[in-house]
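Numbers restart at 1 for each chain; the letters A, B, ... are given by sequence-line order, proteins then strands. Computed from a prediction, not measured in an experiment: that's the story for all the values here.
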Number of protein chains: 2
Amino acid sequence: MDRGAVVRITDVAALAGVSPSTVSKALNDTGSLRESTRARVREAADRLGFVPDASARSLSARRSFTVGLLSTDSAGRFSLPVVLGAENALVGGELSALLATARHDPVREQHHVRALVARRVDGIIVTGRTTEPREPIKVPMPVVYAFAPSSDPDDASVVPDDALGMRLLVEHLVGLGRRRIAYVGGRAEQAASLVRYVTLAAELAARDLAVVGEPLYGDWSEQWGRRAVEQILAGGLGSGSGSGSEKRDLPVDAIVFASDQLARGGCDRLRERGLRVPDDVAVTGYDDWDVMSLASRPPLTTVDMQLERLGQRAAELLIAAIEGDPARGVERLAPRLVVRASTLGDG
Amino acid sequence: MDRGAVVRITDVAALAGVSPSTVSKALNDTGSLRESTRARVREAADRLGFVPDASARSLSARRSFTVGLLSTDSAGRFSLPVVLGAENALVGGELSALLATARHDPVREQHHVRALVARRVDGIIVTGRTTEPREPIKVPMPVVYAFAPSSDPDDASVVPDDALGMRLLVEHLVGLGRRRIAYVGGRAEQAASLVRYVTLAAELAARDLAVVGEPLYGDWSEQWGRRAVEQILAGGLGSGSGSGSEKRDLPVDAIVFASDQLARGGCDRLRERGLRVPDDVAVTGYDDWDVMSLASRPPLTTVDMQLERLGQRAAELLIAAIEGDPARGVERLAPRLVVRASTLGDG
DNA sequence: TACGATCAGGAAATCGGATTCCTAGTTTCC
DNA sequence: GGAAACTAGGAATCCGATTTCCTGATCGTA
């Protein structure tokens, strides 16, 4: 392209017949200039298509007007919406976003951190793949952790309020008259699996109910969702599966899955066993990942963690910190209950 | 954090007992210095944790060592891997990636383009949501279009080779002895739907075969995949669906779906109709989107467009262009056939 | 009329490195 | 032994915009 065509402030100054400093003042609405002069400069500027050089600007401003988005993950299903939400909010603050994905590699992460420091980013948003707390990074600028909180409670973190999400589900299910509720989690050691179970148990206990059977843990796949359903059904019937009268003996009237993927698998298997969702068994998912929650038959009642908003919130906190008003501690963002046919029938 | 702690080159110079210019030379391996001096400077530098200010560096280098990743899309399923692949390749070239998502809004896109120009990015990679050609952007630096090519054939674009992908599928299916092949596309007006059909038809014709029936177009949902299967089965049987002997009269022995989502829906419906995949009907998808292709029952034979590699390739072309060796025209990246149980049984 | 106050706009310093140009020392070679 | 050829490293300039400081002109008021 027309490489040499970069317009400098002196070019504008020449065209407008003023000095470079006047151009700067005119375009930034500073200093004291006659309005006619400002107008003349502005016209010259956009006649030439002048766009001030950000490097020069940040050199003297001692600010880069850039923030780093450091993703432990390769920006997967969870961190991606967070990153997008953040990027979106940053644009409003006239900030640009430097993308840095570490792909779980500490060496790469370190490299990225150095690069961000070299660029003198005004701040950094760190996201992770899971809600497990992570080691904080050490940098000379404000940092906000999103989705995966910092293990240092003094750092600023924004995480989805999983407990509240589960509370909403319990209220919903119990409100529908469901009483015998089983739980299917993902990987046993992950916070998402555990927190959701613990909250479920506590909320049921508060209503003089209890989780049916032990919590079932496996992985986060649809296949495990299917198998878990079999275990639950088997639990109520002994091993033989006499068809037909199954419904009479159902050990549960609702199953809470820790993710939409699990729930979708669960719905499939329930249907294949001749059971109706939600008439015989209500099902709930978690995440509101549309590819799963909407494609499921029936579509899933689930919890939307509002990850985009979470990223946006992280950006807001970061901007505040950059402007000298840093936050401390973990902020929990309220999720949204999404009711669909897997609990409400065709309603 | 320790805001004031930013180390400048003069600090290093002072500690090492040399001048700033000597520090610069020592750290960049330029100029002529005694090795002992270089060592002394290096030590001082990392004792202080000196990281040169990128703004200052790019101001004098007249290069930002930054490239823009402009995504028309909100970095969705297709553009995301491209973006990640690109970011990954850029890191190798010591370049940072500025993320800019336009979300289909021309105003936002224009805003982002201005911001990228202001930052004097060394180049821009533009990605889109579909493979539809798009309007080029006008900027004074090299641009490479990835996934969605530029409508100007003189621009550099990298796109997946859909025709080759379909050719691989046809070879595979025909090699397995399948002869009566139907096609199910997504949205009728999209290049992905059309190119795949046209290539399928041509490849079959080259083997004295023809696509069974008309190509079926709908949307990209699983639901449409299921419905399409019904249309295909109905086509061979009249309207009444006498169960049991269905297999005798099957109008097809394979269905090529234009996406994994469609194919997964298709598999579900085939199974629900009592047909076995692939014994009765082989099924192929497209995209190798693991959430679909692996979760499908059976797992899908499909085509991996290698979008990460595509992004990587775009980055390579961009880097070459930045270094003065620009490419022209559309480069098609070979996809990879992924064979799974939906055509090969348990093999 | 004169003097201080206000105002418009220019000159120069600054941001932090990179790079070009010099200048003392040190070698080399005749 | 002296001139030419290197060497090591410092001083100064530059990148492009912002910002401070300053000057000349205009205005207001006694």
Checklist entry - Pick the nucleotide of DNA chain D nearest each of B/Arg120 and B/Arg34; which residue has the one closer to the 5' end? => result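 Nearer the 5' end of the strand: B/Arg34.
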
Item to check | Earlier contact from the 5' end, DNA chain D, for B/Ala61 and B/Glu35 | outcome: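 Closest to the 5' end, via its nearest nucleotide, is B/Glu35.
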
Would one find a side-chain N or O of [X] under 4.0 angstrom from OP1 or OP2 of [N]?
X	N	answer
B/Arg57	C/dA18	yes
B/Arg38	D/dA8	no
B/Thr37	D/dG9	yes
B/Thr22	D/dG10	yes
B/Ser19	D/dG9	no

Distance check needed: [N] [atom2] versus [X] [atom1], whole Å only.
X	N	atom1	atom2	value
B/Arg119	D/dA17	CZ	P	14 Å
A/Leu33	C/dC7	CG	P	13 Å
B/Asp29	D/dA8	CG	P	14 Å
A/Arg63	D/dA17	CZ	C1'	16 Å
B/Leu59	D/dC15	CG	P	9 Å
B/Leu27	D/dG9	CG	P	14 Å
A/Asp11	D/dC15	CG	P	12 Å
A/Ile9	C/dG9	CD1	P	15 Å

Shortest side-chain distance from [X], nucleotide among [options]:
X	options	answer
B/Ser60	D/dC15, C/dG10, D/dA17	D/dC15
A/Ser21	C/dG16, C/dT19, C/dA11	C/dA11
B/Phe50	C/dG17, D/dT18, D/dG9	C/dG17
A/Arg8	C/dG9, D/dG16, D/dT18	D/dG16

Whether [Y] and [X] form a salt bridge (side-chain N of Lys/Arg under 4.0 Å from carboxylate O of Asp/Glu) is what I want to check.
X	Y	result
B/Arg328	B/Asp154	no
A/Arg114	A/Glu109	no
A/Asp304	A/Arg336	yes
A/Glu316	A/Arg313	yes

Next on the checklist: Between the base of D/dG10 and the side chain of B/Lys25, is there a donor and acceptor pair under 3.5 angstrom?
Outcome noted: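 Indeed there is one.
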
Item to check | Side-chain touch B/Val159/B/Thr131, heavy atoms, less than 4.5 angstrom | outcome: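 B/Val159 does not reach B/Thr131 side chain to side chain.
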
Checklist entry - Do side-chain atoms of B/Ser96 reach the backbone of B/Thr66 as a donor and acceptor pair under 3.5 angstrom? => result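 Such a contact is absent between B/Ser96 side chain and B/Thr66 backbone.
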
Checklist entry - Which residue lies toward the 5' end of DNA chain C, A/Val18 or B/Thr10, if each is placed at its nearest nucleotide? => result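 The residue whose closest nucleotide sits nearer the 5' end is A/Val18.
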
